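Since the structure comes first, as structure tokens, the remarks are kept for the end.
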Amino acid sequence: QVLRKSLQRGFALSAGSFLVYEAHKLISGFAEVHASFKVEEVIEQADYLYGSGETEKLHRLLVQHKNSDDAELLWRLARASRDLAHLSSTSAEEKRQLAYEALEYAKKALEKNESNFAAHKWYGICLSDVGDFEGIKTKIGNAVVIKEHFQRAIELNPKDATTIHLIGIWCYSFAEMPWYQRKIAAALFATPPTSTFQEALRYFHMAEEADPNFYSKNLLFLGKTYLKLNNKKMALLWLSKAKDYPAHTEEDKQV
């Protein structure tokens, strides 16, 4: 009956070729489902390893999928590459290579899905990291683009505390920028980007409200910002919280 209907629609398929065609469609469908299932499985494994602080294992898992078209896999690979670069055991040359690789993975994630908030976040982070290797002029020159990606990430996910924290870091960096860097910024922009410690403080508190006690570095910068504003009582409160934060990662220990 299926064959008859197909022939009536004008398909000149023999019974054999029709069956081959239908089998191909069926197998293709299974392949798509399997590919989707595999991606979900890899992401589940990746998130478990990330939560366990298994940076090297996580990178080994995800780098196998560096040619993937899935933005969720790619931004996780960008993050894993960056985390591996920041390990104390990673050599200076490896740090540089991983920083540039992380940026490429984040860029590819954005190309695959411009509406993925995490792709915007990690592109901004990785672009900032690359600036560390290219000098202060490049770093300042990229600052506006970096902030735009962070703001876009917040538009797509207003509850992501980490991105809110990152805008706070951006504000803090420009608030404490030394005079010679301000001169570079003035040369690069018609209207140089500026900020204040009060603005940075607002973002750090917003991040804490979105997800209390989510990140040791946010606690640290709340303390540091209050110190900049000469409020030692509040600085002591937040620095004490940072000191007592359970150290799960190398960054927590540094904090």
Side-chain angles (χ1 to χ4, degrees), residues 66 71 74-87 90 92-158 160-197 199-204 206-207 215 217-218 220-221 224-225 228 251 254:
K66 64 181 180 181
L74 290 166
W75 74 252
R76 283 173 169 83
L77 176 54
R79 180 181 65 182
S81 299
R82 181 184 185 269
D83 287 350
L84 188 59
H86 280 72
L87 291 181
T90 305
E93 184 53 40
E94 286 175 319
K95 286 180 190 295
R96 182 186 179 91
Q97 182 181 335
L98 285 163
Y100 281 93
E101 285 178 7
L103 180 61
E104 281 305 307
Y105 299 140
K107 183 181 178 183
K108 190 178 173 185
L110 266 183
E111 288 169 355
K112 298 301 176 185
N113 187 355
E114 199 277 336
S115 297
N116 188 299
F117 88 93
H120 282 280
K121 174 169 75 173
W122 287 99
Y123 182 79
I125 293 169
C126 295
L127 186 60
S128 178
D129 284 350
V130 165
D132 292 337
F133 297 101
E134 297 189 354
I136 193 66
K137 187 174 180 180
T138 300
K139 198 165 181 72
I140 294 172
N142 288 337
V144 171
V145 177
I146 290 166
K147 189 178 184 184
E148 284 172 355
H149 281 283
F150 289 159
Q151 287 174 326
R152 178 65 178 141
I154 290 176
E155 285 173 14
L156 292 165
N157 185 1
D160 185 57
T162 309
T163 310
I164 301 169
H165 162 83
L166 289 167
I167 295 187
I169 293 287
W170 190 97
C171 295
Y172 186 97
S173 299
F174 273 91
E176 73 163 0
M177 184 178 280
W179 65 269
Y180 68 91
Q181 291 184 12
R182 292 186 190 279
K183 291 195 78 170
I184 295 171
L188 291 172
F189 301 100
T191 307
T194 59
S195 190
T196 63
F197 291 117
E199 188 178 12
L201 186 69
R202 183 167 63 85
Y203 279 108
F204 294 140
M206 282 170 61
Y215 187 27
K217 201 169 181 181
N218 198 62
L220 174 66
F221 269 86
K224 289 179 71 170
T225 310
K228 292 286 187 182
E251 187 178 47
Q254 291 168 0

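Bear in mind the structure is a predicted one, so any value in this text is a computation, not a measurement.
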For the residue pair [X] and [Y], establish whether any side-chain heavy-atom pair is separated by less than 4.5 Å.
X    : Y    : answer
E134 : K139 : no
H165 : K217 : yes
E101 : K66  : no
P193 : K147 : no
F150 : L166 : yes
L127 : V145 : yes
Y215 : E251 : yes
L110 : H149 : yes

Q. Near K95 NZ, under 6.0 Å, is it more than 12 heavy atoms from other residues, nucleotides or ligands?
A. yes
Output the distance between atom [atom1] ([X]) and atom [atom2] ([Y]), rounded to the nearest 0.5 Å.
X    : Y    : atom1 : atom2 : answer
I169 : N218 : CD1   : CG    : 7.5 Å
T162 : F117 : OG1   : CZ    : 8.0 Å
R202 : T196 : CZ    : OG1   : 8.5 Å
N116 : W75  : CG    : CH2   : 7.5 Å
T163 : E155 : OG1   : CD    : 11.5 Å

Q) Using the ring of each side chain (for Trp, its six-membered ring), is F133 parallel, tilted or perpendicular to Y100, with breaks at 30° and 60°? A) tilted
Q) Mind checking whether F221 and Y172 have parallel, tilted or perpendicular rings, split at 30° and 60°? A) perpendicular
Q: For the pair K108 and E111, find out whether any cationic side-chain nitrogen is under 4.0 Å from an anionic carboxylate oxygen.
A: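 Salt bridge absent between K108 and E111.
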Q) Do E199 and S195 have side-chain N/O donor and acceptor atoms under 3.5 Å apart? A)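 Short answer, yes.
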Q | Check: M177 main-chain N/O paired with R182 side-chain donor or acceptor under 3.5 Å | A | yes
